[in-house]
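All values reported here derive from a predicted model rather than from experimental measurement. The figures here come from the full heavy-atom set of this structure, side chains too, leaving out hydrogens, waters and symmetry mates.
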Amino acid sequence: MTRSGRLDAKIEVGPLCEEGRRFIAENILRDWRNLIDESVGSCDNMVAADFENHCIELAIKEKNKELYD
């Protein structure tokens, strides 16, 4: 991360490990257990923020299906 003015340190964030993906998915997708394994297995090159957003989008889609179907 950088901010204007001064650069203290530059940190490169790599992909999230499977354990980290599972932790995030289990917290966000706890009402849709069937989506957890699929998400963890298919998103192995994502950083934490991207994976979290992915899980949130899945949860929103599933909730909308429940409400409107």
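Placement of Val13 and Phe23 in two distinct hydrophobic clusters is found when ILVMFWY residues are connected by side-chain heavy-atom separations under 4.5 Å, directly or transitively.
Here CZ of Phe51 is found 11.0 Å from CD1 of Ile56. Values are rounded to the nearest 0.5 Å. Annotation: the span from Ile28 atom CD1 to Glu57 atom CD amounts to 10.5 Å, rounded to 0.5 Å. Interatomic distance, Glu18 CD to Asp44 CG, rounded to the nearest 0.5 Å: 9.0 Å. How far NZ of Lys61 is from CG of Leu35: 10.5 Å, rounded to the nearest 0.5 Å. The CG atom of Asp31 lies 7.0 Å from the NZ atom of Lys63; values are rounded to the nearest 0.5 Å. Atoms CD and SG, on Glu26 and Cys55 in that order, are 10.5 Å from each other to the nearest 0.5 Å.
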Q: Please report the C-alpha distance between Leu16 and Met46 in whole Å, then the side-chain angles of each, then the deciding distance to 0.1 Å, and finally whether the side-chain contact (heavy atoms from CB on, under 4.5 Å) criterion is met.
A: CA-CA 6 Å; Leu16 192 60; Met46 288 187 174; over 6 Å; no
Q: Test side-chain contact (heavy atoms from CB on, under 4.5 Å) on Asp37 and Arg22 and set out the steps.
A: CA-CA 8 Å; Asp37 288 334; Arg22 183 161 301 281; 2.9 Å; yes
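Remark: Glu66 CD is packed, more than 12 non-hydrogen atoms of other residues, nucleotides or ligands lying under 6.0 Å away.
Under the 3.5 Å distance criterion, the side-chain polar atoms of Arg21 are left unmatched by any main-chain donor or acceptor of Ser39.
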